[in-house]
Each structure stands twice: as structure tokens, then as C-alpha cells.
J.: 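Just dropping this structure here.
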Amino acid sequence: FLRLAPESIATILQSTGTDPEVTEFMARSLMQAAEYREKSGDAETANLRREQAHAIADAYGHDLTVAMEEWLSEHDYP
């Protein structure tokens, strides 16, 4: 799944009726993964994860500018 092109991930999620709460969590997780990959020197995978996150966010109208910690606290995640 994570090797798919960004547009393909978004299309699969939409066609399977994935809950928007789940897709927002996925997009945010992919953004975090991109940061970790970038820090470890894996720029290619970091860019892919970032593009995947943005494709999901764009498809579902999620705002990824809110910090992950703030978003988690707003959604009652531990």
C-alpha cells in the first residue's frame, strides 16, 4: 500500500468508503513518517510520504497545517 502513487492511495481510500477521521489520521501519520525519513537521510521516501499525505488530505479536504499534537488533543487521542 505504501508503495502506491499518491493519487492511487487517495483513490483507493475514497472508493472503499474509508472514514474521513481515519484518512486524516493516515495523512498526519504519513507526514510524520516523512519527517522521520528526512531526518534519517532518506529524502526519496520522505518525499513520497509527503506527497501521499497531501493527496489524501486534498481528496478529503483535511487541513494538515494544524500541528499533530494539537489535532490529537482535539480528537481525544491519547
Side-chain angles (χ1 to χ4, degrees):
F1 186 78
L2 291 177
R3 291 183 181 256
L4 291 173
E7 302 79 26
S8 297
I9 286 180
T11 300
I12 288 171
L13 292 172
Q14 287 179 315
S15 67
T16 58
T18 306
D19 185 283
E21 286 279 328
V22 172
T23 61
E24 186 166 11
F25 190 82
M26 289 176 68
R28 292 179 172 284
S29 296
L30 287 166
M31 287 298 286
Q32 277 194 315
E35 289 179 34
Y36 297 140
R37 291 292 186 162
E38 192 77 48
K39 288 178 183 176
S40 72
D42 186 359
E44 184 177 341
T45 303
N47 288 333
L48 176 60
R49 296 291 175 263
R50 202 170 288 111
E51 290 171 6
Q52 290 168 329
H54 284 289
I56 294 169
D58 291 346
Y60 282 85
H62 301 315
D63 179 9
L64 297 180
T65 61
V66 176
M68 182 67 150
E69 294 79 17
E70 181 181 341
W71 182 82
L72 287 172
S73 69
E74 292 172 0
H75 290 83
D76 296 324
Y77 289 101

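The residues of the chain are indexed from 1 along the displayed sequence.
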J.: Answer yes or no: is there a side-chain heavy-atom contact under 4.5 Å between Leu2 and Leu30?
T.: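 The answer is yes; the side chains approach within 4.5 Å.
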J.: Under a 4.0 Å N-O cut-off, is there an ion pair linking Glu38 with Arg50?
T.: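 Yes, charged N to carboxylate O under 4.0 Å.
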J.: Tell me yes or no: between the side chains of Thr65 and Asp63, is some donor less than 3.5 Å from an acceptor?
T.: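 Yes, because at least one side-chain N or O of Thr65 sits under 3.5 Å from a partner of the opposite role on Asp63.
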J.: Which heavy atom of Ala55 sits nearest a heavy atom of Ala10, and at what distance?
T.: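 Result for this residue pair: O-CB, 3.7 Å.
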J.: So does Asp42 get a backbone contact from the side chain of Thr45, meaning a donor-acceptor N/O pair under 3.5 Å?
T.: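 No, the answer is negative, given that no donor and acceptor are paired below the 3.5 Å cut-off.
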J.: Could you state the interatomic distance from CD1 (Ile56) to CE (Met31), rounded to the nearest 0.5 Å?
T.: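 CE of Met31 is found 11.5 Å from CD1 of Ile56.
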J.: Quick one: CD1 on Ile9 to OG1 on Thr23, what's the gap to the nearest 0.5 Å?
T.: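 Separation between the atoms: 12.0 Å.
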J.: Met26 vs Leu13, test: side-chain contact (heavy atoms from CB on, under 4.5 Å). Steps then yes/no.
T.: CA-CA 10 Å; Met26 289 176 68; Leu13 292 172; 4.0 Å; yes
J.: May I ask you to test the Arg49-Glu35 pair for a side-chain heavy-atom distance under 4.5 Å?
T.: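 No, side chains not in contact.
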J.: Taking atom CD of Gln52 and atom OG of Ser8, what is their separation to the nearest 0.5 Å?
T.: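 It is 9.5 Å, given to the nearest 0.5 Å.
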J.: If I take atom CG from residue Leu64 and atom CZ from residue Arg28, how far apart are they, to the nearest 0.5 angstrom?
T.: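 Interatomic distance, Leu64 CG to Arg28 CZ, rounded to 0.5 Å: 5.5 Å.
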J.: Same cluster or not: are Tyr60 and Leu4 linked, directly or through other Ile, Leu, Val, Met, Phe, Trp or Tyr residues, by side-chain heavy atoms under 4.5 angstrom apart?
T.: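 Same hydrophobic cluster.
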